[in-house]
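The sequence lines fix the lettering, A, B, ..., with proteins before strands; numbering per chain opens at 1. Keep in mind that the numbers below use all heavy atoms, side chains included, and drop hydrogens, waters and symmetry copies.
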Amino acid sequence: MYSLIASILIDGIAYGLVLFMVSVGLTVTLGLMRFVNLAHGTFAMIGGYAAATAITALGLPYGLALICAALAAGAIAYGLEIALIRRLYHRPELDQVLLTIGLVFMGIALSGMMFGNSLVPVRLPEFLRGATDLGFRQVPTQRFVPLVMGLATLIGIWLLFERTRFGIRLRATVDNPRAAGELGINTRRIYAAAFAIGAALAGLGGVAGAELLPVEPYYPLKYLVLFLAVVAVGGPGNMLGSFVAALLLGIVETAGKYLAPDFATIALYALMLLVLSWRPEGLFRRTSKT
Amino acid sequence: MTTKRLLAATLVAALTILPALAETVKVGVVGPFSGPFSGSFGEPFRQGIETYVAMNGQPADGIEVEFIYRDLQSPDPGRARALAQELVARDGVQYLAGFVFTPNAIAAAGISAQAKIPTVIFNASASTVVSQSPYYVRTSNTLPQVSVPTAQNALDKGYKTVVTAVSDYGPGVDAETSFVKAFTEGGGEVLESIRMPLSTTDFGPYLQSIQLKKPDALFVFLPYGPPTFSFVNAYRDNGLDDAGIAFVGTSETQEVDLQSLGVAAIGLETGYFYSAAHESAENDAFKAKLAELYPDAEPNPATVSAFDGTHALYEMIRATGGEADPDGAIAAIAGASWESPRGPISIDAETRDIVQNVYIRVVEQEENGRLVNREIKTYEAQPDYGAAQ
């Protein structure tokens, strides 16, 4: 009994951390910036392809490949922000949906042409492969990647947004762009930087989660609901909320798999339904005053 | 100047007359040529057809085959029927071919039966498909056909207890049903049958709870691509191999996925109908031509199914001299047998379904680092056990 509960918690938290890593970027772009960014998965996928290429074609170590993933996704997002996305911040949400879903389809076609329609594995280094023995059971060694990265991201983003000048400007810009602009904040640059950061996090998540959500052209569409579920349950724009939501969804779905295998996926959606009918704004609302 | 003009005129005349001399037989091919299934089915279909045509030319003097490809990305019975109808009524095809998903193949059966269009099924692998139209022929496989010998092999290896874990969709349920039946009839015990939702991404918990049951082996059926990749990794990463729970699969290590599975796949044992490592002159010739036409292509079960399907089409076209004679065409292919790249195959005279060897293979790494399905055992001339039930 205790080992069952322990197993549910271990696997649930491990899965929840993967969910957190793959959707944390969306918390920034959709949640904080309030831009309906359905192309989040595209940036995660770009990160995954960048890391796979860095490892397989260039022979770089896994750590450097992670940096490549974040840089590639961030750089492409920065370019797209300047060229397209910044024109839509003040447009209706439907326009944002149409643009970003268009980006998703372009991403599918382009990645299919460049990397083929089959999945591309992000090869793990020897020390991350196989199982780690916890004494009473084994866990996949790779799950330590999302664990370390998830905690580092949570702390890093908190420091960046709450403790730096950039963070203060970003929050000011998001809350009241006009007042922020009049105070001399370059809101355009702040937005572009924030969007790039969101995409870079997506890129990292794409690599960290590649064992469970393998990189392939249809990635952005296939897992879109999963990303949105985490952000919606957590409360848009709240990093801690996304973290808690991801762990909760991970644990509930995992419990479902252990206890009622055939209905595991329903458990996730049922939880989402419950939380959102109880608190339509998500578990945690964004704390800053508007 | 005049000679040149005369020459040009002759040339033009020749060009206009030539096509009229050859009779064109049109074949409509329905499959996912774009979208998420194009990599595992649409592209292999096209490659199989083109490779066969490149190796064999036209079926006979004066008969030319024209393949008309129609894109059908996903299971969509209404659209499958509409495409089949359009190909028959508007494009005037004499034959149909392709069909990845069972619901699509079943939906098009009405058109095949009513318009008497001989149709070669390249994939759709539920047992019932071929019986839906008297003009259906299949060159792929059925799930019972590969699951039953796989269960037999598990018994032969001395496995007493098994847990089955399949994706919760039609083919998964079929594979589970026929495996469980064959395994329990052979004296084995199935401890649990798990059906995992198709959208599952984290297979860890399933594998952990399977580990607690301590079966001798784990029978698996998953769709190609991401689910197979995640499952195989999870099997290794949760230590089931160390715990001595053998992996028993069918299509999981097929060539389109094999290289991306990587080292996690080494040692996995599966029962299936085609391995690219099959040793025969026919397979070598097939692989050589495929590599020449498509340097990046993997010889895959779907490629071979389309290759053999094209052979079936050629046989029917030859037997009927390119004329529309559906009953003559079916009579020519029912009962036919030939040497395929996969090994000897035949079309059952009664059911029009394929009879073929099922090979037990183990994944090995070659010196150049590539993974192959090495055939270690053969179950000869396996019928569709689903139809016999």
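Listed in order of number, the residues of residues 115-124 of chain A that approach chain B to under 4.5 Å between heavy atoms are N117(A), S118(A), L119(A), P121(A), R123(A). Within residues 7-22 of chain A, the residues having any heavy atom under 4.5 Å from a heavy atom of chain B are, by residue number, D11(A), Y15(A).
Across G204(B), G39(B), S38(B), G35(B), the residue that shares the most heavy-atom pairs under 4.5 angstrom with chain A is G35(B). With chain A as partner, the option from S34(B), A234(B), S260(B), S40(B) having the largest number of non-hydrogen pairs under 4.5 angstrom is S260(B). The candidate with the highest count of non-hydrogen atom pairs below 4.5 Å against chain B, out of E253(A), E211(A), K222(A), is E211(A). With respect to chain A, the highest number of heavy-atom pairs below 4.5 Å among N238(B), L212(B), V256(B) belongs to N238(B). Ranking S209(B), A264(B), A243(B), P227(B) against chain A, the residue ahead of the rest is S209(B), based on heavy-atom pairs under 4.5 Å.
Within the 4.5 angstrom heavy-atom criterion, only backbone atoms of L261(B) (N, CA, C, O) approach chain A. Heavy atoms closer than 4.5 Å to chain A are found in the side chain of S199(B), but not in its backbone. For D242(B), the part lying under 4.5 angstrom from a heavy atom of chain A is the side chain only. Heavy-atom distances place the backbone of A210(A), and not its side chain, under 4.5 Å from chain B. Interface remark: E216(A) contributes side-chain atoms only to the contact with chain B (heavy atom separation under 4.5 Å). Interface residue E43(B): only side-chain heavy atoms are found under 4.5 Å from chain A. Of the two parts of Y219(A), neither the backbone nor the side chain holds a non-hydrogen atom closer than 4.5 Å to a non-hydrogen atom of chain B.
Heavy atoms only, all atoms of each residue included: G239(B) and A131(A) are closest at N-CB, 4.0 Å. In terms of heavy atoms, Q138(A) sits closest to Q211(B) at OE1-NE2, 4.4 Å. The heavy-atom pair separating Q208(B) from Y258(A) by the smallest distance is CB-OH, 3.0 Å.
With sequence neighbours left out, the side chain to side chain donor-acceptor pair (under 3.5 Å) criterion links K214(B) to no other residue. Every side chain to side chain donor-acceptor pair (under 3.5 Å) that E176(B) has, sequence neighbours left out, goes to R195(B).
Taking the side chain as every heavy atom from C-beta outward, R129(A) and D237(B) never approach each other to under 4.5 Å. Within the 4.5 Å cutoff, the side chain of R143(A) has heavy atoms near those of the D202(B) side chain.
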message: If you apply the rule side-chain contact (heavy atoms from CB on, under 4.5 Å), what do you find for F203(B) with L212(A), and how did you get there?
response: CA-CA 8 Å; F203(B) 293 96; L212(A) 298 187; over 6 Å; no
